[in-house]
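Chain letters run A, B, ... following the sequence lines, proteins first and then strands; every chain starts at 1.
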There are 2 protein chains.
Amino acid sequence: MARVRKTVTIRDVAEDAGVSLQTVSRVVNGGPNVRPQVRDKVRASIEKLGYVPSLAAQRMSGSRSYIILAINDRERTLEDWRERRGTDWVDQMLLGGILTCSQHGYRMMVELVDTHSDHVERELGAALSALQPDGVILTPPHSENRLITDLLAERRIPFARIGSDAPGPGIPLTMGDSGAAHLATTHLAGLGHTRIAMIAGPSQYSLSGWRIEGWKRALAEAGLPYEGLLEVGDFGYESGTRAARALLDRNPDLTAIIASSDQMALAALEVARERGLDVPRDLSLISFDNTPIVRFTQPPLTAIDQPIAETVSRAVEQLIARESKGEGDSVIEVAAALVERASTAPARVLAADRV
Amino acid sequence: MARVRKTVTIRDVAEDAGVSLQTVSRVVNGGPNVRPQVRDKVRASIEKLGYVPSLAAQRMSGSRSYIILAINDRERTLEDWRERRGTDWVDQMLLGGILTCSQHGYRMMVELVDTHSDHVERELGAALSALQPDGVILTPPHSENRLITDLLAERRIPFARIGSDAPGPGIPLTMGDSGAAHLATTHLAGLGHTRIAMIAGPSQYSLSGWRIEGWKRALAEAGLPYEGLLEVGDFGYESGTRAARALLDRNPDLTAIIASSDQMALAALEVARERGLDVPRDLSLISFDNTPIVRFTQPPLTAIDQPIAETVSRAVEQLIARESKGEGDSVIEVAAALVERASTAPARVLAADRV
DNA sequence: GCGCATCTTGAGAGCGTTCTCAAGACTTGT
DNA sequence: ACAAGTCTTGAGAACGCTCTCAAGATGCGC
């Protein structure tokens with residue numbers, strides 16, 4: 001009885017509206033030369049039959065694929081998930097990306113690629129061939145991987161590099177790391193802190209350098225020193241522990257730390273606790289990322305909110321807009337914000353008891 | 001000079017290998033009747049040219065689309081992300097799904113659908129028409145939404161219902177909620193607790209009922225009461241606060257709480273703190289979900305780990321395997337595990353001082 | 001060694017869309 | 001009112017693949 005509902009094609013619409021197949025196509029794609037009267041008739045038929053163009057067929061006919069591919073680091077993602085579970089990059093990327101894509105009639109797909117593998121080109125190449133995306137979004141640490149950017153450039157696929165401001169092909173977007181570090185540092189200086197340390201990320205991430213730069217700039221503006229106040233971690237918890245201990249050992253008068261990831265900030269919080277330092281009374285703490293974790297620690301952490309979703313969203317818009325337009329664009333910077341919570345407080349004026 | 005690299009098609013391979021187009025197709029799809037010698041020759045050409053079939057073309061030619069669509073709740077996801085940021089469902093789904101999909105040559109796409117909207121059918125219908133996925137994975141609370149399951153059944157698209165054990169079309173998968181609650185309860189009883197409360201989830205989620213059932217069953221087996229020990233929340237923090245307060249008010253001798261979400265457990269932890277109860281000395285706490293948060297609280301929470309990634313992975317396998325096979329399958333249950341951390345301890349034998 | 005079944009291969013159509021190009025219907029300027 | 005446009009519409013090819021079906025090659029039993 002109830003026959004399997006046949007897929008509604010453009011042909012059905014054309015027939016129903018009494019026009020040619022091509023005219024329907026024009027209406028669907030907002031083509032220019034269609035009489036309003038015809039347009040309405042076609043639209044009515046589309047509505048009535050519930051017609052939706054097949055992505056596959058659209059792609060086949062040589063036009064766009066309406067797919068944006070987002071590349072994430074498999075190794076880091078998987079490891080984080082299984083061991084440390086300290087990422088919500090993927091979540092945020094998806095939310096920012098999917099919504100913006102769907103607003104423009106596009107779809108987002110996620111591909112996990114292992115940077116350190118020597119199959120990168122193969123893996124990515126296969127994905128590109130299979131999907132033929134209209135655009136690709138690169139996230140750190142892929143954003144400046146020459147193997148990847150060269151491959152994309154060679155294939156003439158527009159792409160966005162998040163967390164990269166280098167020249168070259170691809171649209172560069174940054175999340176205002178320098179400004180964010182500057183903001184955090186200035187905030188602490190404004191609270192009266194004079195010894196403000198930074199636990200930075202690994203140097204292969206450009207953003208690590210930007211954050212250090214912003215921090216130093218703010219310190220200089222405030223007339224504060226930075227000697228002995230920098231440690232480098234790898235974003236992970238363990239490295240945060242090591243860095244925080246080293247900083248406190250070296251600087252007995254330290255009253256504030258900026259950590260380049262939530263994980264490292266949590267480690268610093270624990271180190272403070274093990275040394276009997278109260279946060280924020282004895283030590284102020286600001287972290288980067290603002291993942292869900294930091295709202296529920298004791299105390300909740302003041303953090304720099306990385307606008308990942310917003311940035312991905314912007315990247316999608318750029319990719320869709322410039323479809324094969326020229327390169328050499330200026331860097332797009334999405335500003336990060338400081339979310340104040342309870343881990344920052346004025347420096348104790350009478351800190352003499354600790355020195 | 002460097003011409004735009006033309007896409008390698010099946011025709012190029014056929015030509016290079018000196019066989020017909022059809023033969024290449026057979027080799028690619030593991031077709032049965034090809035001489036080993038020819039097969040090898042074709043494989044060599046594929047390798048040499050770096051040929052990868054176009055998903056779109058495959059789909060067009062009436063075969064599979066090699067796409068699995070995962071449906072998530074937009075409202076909950078977005079709200080969680082912006083306000084509470086307490087979810088990592090999407091992360092885990094993706095990780096479990098993408099990996100398993102790619103192992104079978106499939107791709108996973110994520111669609112965010114708003115259950116409460118009355119456009120559900122429209123939204124979902126459009127996505128199905130555009131993507132024509134080979135399978136769909138439904139997550140709570142969509143898994144038992146009749147509008148959605150009916151739509152999928154009508155279109156003859158195989159789908160999996162995660163967190164549903166109801167009969168009807170679609171492959172039902174559960175994450176062992178009853179068993180998990182039983183496990184948690186038994187664990188606490190084994191530590192000597194005699195008043196074990198539960199903060200359940202909302203009743204429109206089937207899994208809420210299953211957890212209550214497992215809890216009651218374990219209590220009955222241990223000869224323990226459950227009267228007055230049940231409160232219902234909505235998975236969110238606020239509701240956890242209310243529930244924990246109510247439980248502690250009503251039961252001065254309460255020594256253990258099982259919360260149906262990490263958020264609610266965090267709330268209970270805070271309530272304990274505000275009442276001067278030490279966790280785990282005075283109150284043991286077990287949560288459900290095991291999101292990243294609970295490793296970094298004070299103390300870290302003992303939790304039931306929901307095997308989301310594993311379950312999605314199983315769902316993908318089932319969908320790919322049974323491609324249009326019959327229905328009426330038995331429920332697939334992926335067991336959840338208890339991760340012991342520092343929020344559970346033996347009940348104090350001399351609890352008389354509190355009573 | 002012949003007829004029949006089976007294995008291997010290829011030719012051609014078709015999937016749903018957009019592209020190119022041409023034809024007909026209207027304008028407009030003179 | 002006529003030529004030269006400009007709008008509007010449609011016909012047909014093309015995209016890359018798999019499906020169906022038929023033809024040739026090979027094997028088997030008697």
Fill in the blank from the handout: side-chain hydrogen bond (donor to acceptor under 3.5 Å, both in side chains) filter on Asp150(B), not counting sequence neighbours, yields Arg146(B)
Exercise for the section: Would you please name every residue forming a salt bridge (charged side-chain N to carboxylate O under 4.0 Å, His left out) with Asp114(A), sequence neighbours left out? Expected result: none
Handout entry: Asn33(B) side-chain N/O to dC7(C) phosphate OP1/OP2 under 4.0 Å
Key = no
Handout entry: Opening and closing nucleotides of DNA chain D in contact with chain A, under 4.0 Å to non-hydrogen atoms
Key = dT8(D) to dG16(D)
Exercise for the section: Apply side chain to side chain contact (heavy atoms under 4.5 Å, CB included) to Ala44(B) and list each qualifying residue two or more places apart in sequence or on a separate chain. Expected result: none
Fill in the blank from the handout: Rounding to 0.5 Å, atoms OG1 (Thr100(A)) and CD1 (Ile320(A)) come to a distance of 8.0 Å
Problem - Residues that Ala57(B) engages under side chain to side chain contact (heavy atoms under 4.5 Å, CB included), provided they are two or more places apart - result: Met60(A), Ser54(B)
Fill in the blank from the handout: Sorted by chain and number, sequence neighbours left out, salt bridge (charged side-chain N to carboxylate O under 4.0 Å, His left out) with Glu111(B) holds for Arg107(A)
Practice task
Please collect all salt bridge (charged side-chain N to carboxylate O under 4.0 Å, His left out) contacts where either partner lies in residues 29-50 of chain B, sequence neighbours excluded, each pair once.
Solution key: Arg122(A)-Glu47(B), Asp16(B)-Lys48(B)
Exercise for the section: Look up atom CD1 in Ile137(A) and atom CZ in Arg314(A), then write down how far apart they are to the nearest 0.5 Å. Expected result: 12.5 Å
Practice task
Please state how far atom NZ in Lys41(B) lies from atom C1' in dT8(C), giving the value in whole angstrom units.
Solution key: 13 Å
Problem - Within 6.0 Å of CD in Glu15(A), more than 12 heavy atoms from elsewhere - result: no
So which protein N/O to nucleotides 23-28 of chain C N/O distances come out below 3.5 Å?
none

Exercise for the section: Report the residue from Val42(B), Val19(B), Val27(B) that forms a side chain to side chain contact (heavy atoms under 4.5 Å, CB included) with Val34(B). Expected result: Val27(B)
Problem - Pairs satisfying ring-ring contact (aromatic ring centres under 6.0 Å, His included), at least one member in residues 31-72 of chain B, at least two apart - result: Tyr66(B)-Tyr106(B)
Fill in the blank from the handout: For Glu123(B), the salt bridge (charged side-chain N to carboxylate O under 4.0 Å, His left out) test, sequence neighbours excluded, returns Arg74(B)
N/O contacts under 3.5 Å, protein versus nucleotides 16-19 of chain C?
unit_1: dT17(C); atom_1: OP1; unit_2: Tyr51(A); atom_2: OH; d: 2.7
unit_1: dT17(C); atom_1: OP1; unit_2: Ser54(A); atom_2: N; d: 3.2
unit_1: dT17(C); atom_1: OP2; unit_2: Ile10(A); atom_2: N; d: 2.4
unit_1: dT18(C); atom_1: OP1; unit_2: Asn29(A); atom_2: OD1; d: 3.3
unit_1: dT18(C); atom_1: OP1; unit_2: Asn29(A); atom_2: ND2; d: 2.8
unit_1: dT18(C); atom_1: OP1; unit_2: Gln58(A); atom_2: OE1; d: 3.4
unit_1: dT18(C); atom_1: OP2; unit_2: Ser25(A); atom_2: OG; d: 2.5
unit_1: dT18(C); atom_1: O4'; unit_2: Ser61(A); atom_2: OG; d: 2.6
unit_1: dC19(C); atom_1: N4; unit_2: Gln22(A); atom_2: OE1; d: 2.3

Completion exercise
Residues of residues 12-20 of chain A with a heavy atom under 4.0 Å from any atom of DNA chain C, listed by number, are none
Practice task
Please test Leu95(B) against Leu112(A) for side chain to side chain contact (heavy atoms under 4.5 Å, CB included), starting from the C-alpha separation and ending with a verdict.
Solution key: CA-CA 9 Å; Leu95(B) 286 164; Leu112(A) 302 181; 3.7 Å; yes
